Amino acid sequence: MHIGIIMDGNGRWAVSRGLPRLAGHRRGAKRVTEIVKSCPSLGVKTLTLYAFSTENWKRAPQEVDGLMRLFRRHLRTQLVELHQQNVRVRFLGDPSALADDIQNQMDYLSELTKNNTGLHLNIAINYGGRDELARAVRGIVNSVVSGQISVDAIDEQMIGRALDTGDQLDPDLIIRTAGEVRISNFLTWQSAESELTFVDVPWPDFYKANLAKAIDDLRSRSPRFGAVDHDMAKEA
């Protein structure tokens, strides 16, 4: 089973408690740790987390700076633990806009865990579904121009393979927290057949029990779920 989560509501959670927005992001980072640990027991083989979108650069500079500091700290402190848990980590998005030290930490974590066989964890940083599609199209066009492929060879499968998730199956379920009812440029291509769940709970208050309920709801409403889960089990 592949689940994608749009982790929304950190800032509003903090403001509602009279705290700075970054306090919500710090609390949200702790929730990531718990949810990642809970996935194997819930049958989740692949988890994709929307950590920072291409649109998030428009936020106040002090909030963006704080988020980058949080990324640095989380990458360092969770590095060994994720590896010890047999988690394979991949980063989705365009890393070029990120600071060099963050890119280096991302590369190191990806390399360190690439042969792990447990949970497949995708972390989307500086990610946007439309940007991903544009990057994929540019890569395919370059292959056409260089004579490696013909225009007639372009099909849905080729486009899918050119995406950041190219060797993975599409998500069975996408969850968005904090009450918003849209996917906000998340896995735009990959979510074409995904089930969608929108919950009112903000991400800092989203626990294993909330994830388990979303999965139970998916099983109860999706007759294709059994077949999809079987395919995911083969992939794992």
Side-chain angles (χ1 to χ4, degrees), residues 1-14 16 24-53 70-71 74 77-78 81-82 84-92 113 116-125 127 129 165 168-187 190-191 193-233 235-236:
M1 184 195 316
H2 180 178
I3 291 182
I5 304 180
I6 302 170
M7 305 180 293
D8 193 20
N10 290 339
R12 279 170 283 164
W13 179 91
S16 70
H25 294 305
R26 287 193 291 269
R27 170 71 176 252
K30 293 181 180 179
R31 293 275 60 78
V32 167
T33 300
E34 177 180 333
I35 294 300
V36 167
K37 288 181 178 179
S38 71
C39 280
S41 65
L42 296 174
V44 179
K45 306 296 184 181
T46 302
L47 176 67
T48 300
L49 299 176
Y50 204 5
F52 190 87
S53 76
L70 186 60
F71 290 153
H74 200 66
T77 57
Q78 299 302 312
E81 184 175 353
L82 287 173
Q84 291 174 343
Q85 293 174 19
N86 199 28
V87 176
R88 189 186 75 180
V89 180
R90 172 182 297 181
F91 293 93
L92 313 183
T113 64
N116 289 348
T117 57
L119 175 71
H120 298 173
L121 175 62
N122 299 321
I123 303 174
I125 297 181
Y127 173 88
T165 57
Q168 300 178 0
L169 296 180
D170 293 338
D172 302 294
L173 173 66
I174 292 179
I175 301 168
R176 180 168 187 153
T177 61
E180 297 290 346
V181 187
R182 58 181 184 274
I183 62 170
S184 294
N185 204 18
F186 178 57
L187 299 180
Q190 299 92 326
S191 64
E193 297 294 332
S194 302
E195 295 284 332
L196 305 176
T197 292
F198 302 97
V199 297
D200 291 332
V201 177
W203 176 249
D205 288 335
F206 190 88
Y207 289 86
K208 178 180 178 179
N210 300 101
L211 179 58
K213 183 180 185 304
I215 292 172
D216 287 344
D217 290 346
L218 173 67
R219 288 194 170 103
S220 68
R221 77 191 194 206
S222 177
R224 70 180 178 86
F225 178 77
V228 173
D229 196 32
H230 177 68
D231 290 342
M232 291 305 298
E235 180 194 37

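Everything quoted here is computed from the prediction, not taken from an experiment.
- Judged purely by distance below 3.5 Å, without hydrogens or angles, the side chains of Thr117 and Asn86 pair a donor atom with an acceptor atom.
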query = Between Leu47 and Val36, is a side-chain contact (heavy atoms from CB on, under 4.5 Å) present by the stated rule, with each step listed?
reply = CA-CA 8 Å; Leu47 176 67; Val36 167; 4.1 Å; yes

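- Annotation: side chain of Arg26 is not in contact with side chain of Lys30 (no heavy-atom distance under 4.5 Å).
- When the options Thr197, Ile5, Leu196 are evaluated for a side chain to side chain contact (heavy atoms under 4.5 Å, CB included) with Leu173, the one that passes is Thr197.
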From CA spacing to verdict: side-chain contact (heavy atoms from CB on, under 4.5 Å), Tyr50, Leu187: CA-CA 9 Å; Tyr50 204 5; Leu187 299 180; over 6 Å; no

For the pair Val199 and Asn210, evaluate side-chain contact (heavy atoms from CB on, under 4.5 Å) and give the outcome as yes or no after the intermediate values. CA-CA 9 Å; Val199 297; Asn210 300 101; over 6 Å; no

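- With a 4.5 Å cut-off on side-chain heavy atoms, Val201 and Tyr207 do not count as touching.
- Residues Leu42 and Ile3 form no side-chain contact, since every pair of their non-hydrogen atoms from C-beta on lies 4.5 Å or further apart.
- Ring planes of Phe71 and Phe52: perpendicular class, angle over 60° (limits at 30 and 60°).
- Ionic pairing of Arg31 and Glu34 is present here: one or more N-O contacts between side-chain nitrogen and carboxylate oxygen are shorter than 4.0 angstrom.
- The closest side-chain heavy-atom distance from Arg176 to Ser184 is below 4.5 Å.
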Start with the C-alpha distance between Val32 and His74, add both sets of side-chain angles, then the distance that settles side-chain contact (heavy atoms from CB on, under 4.5 Å), and finish with yes or no. CA-CA 10 Å; Val32 167; His74 200 66; 4.2 Å; yes

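- Side-chain contact between Phe186 and Tyr127 is present, with heavy atoms from C-beta onward closer than 4.5 Å.
- The side-chain heavy atoms of Phe198 and Asp8, taken from C-beta on, include no pair separated by under 4.5 Å.
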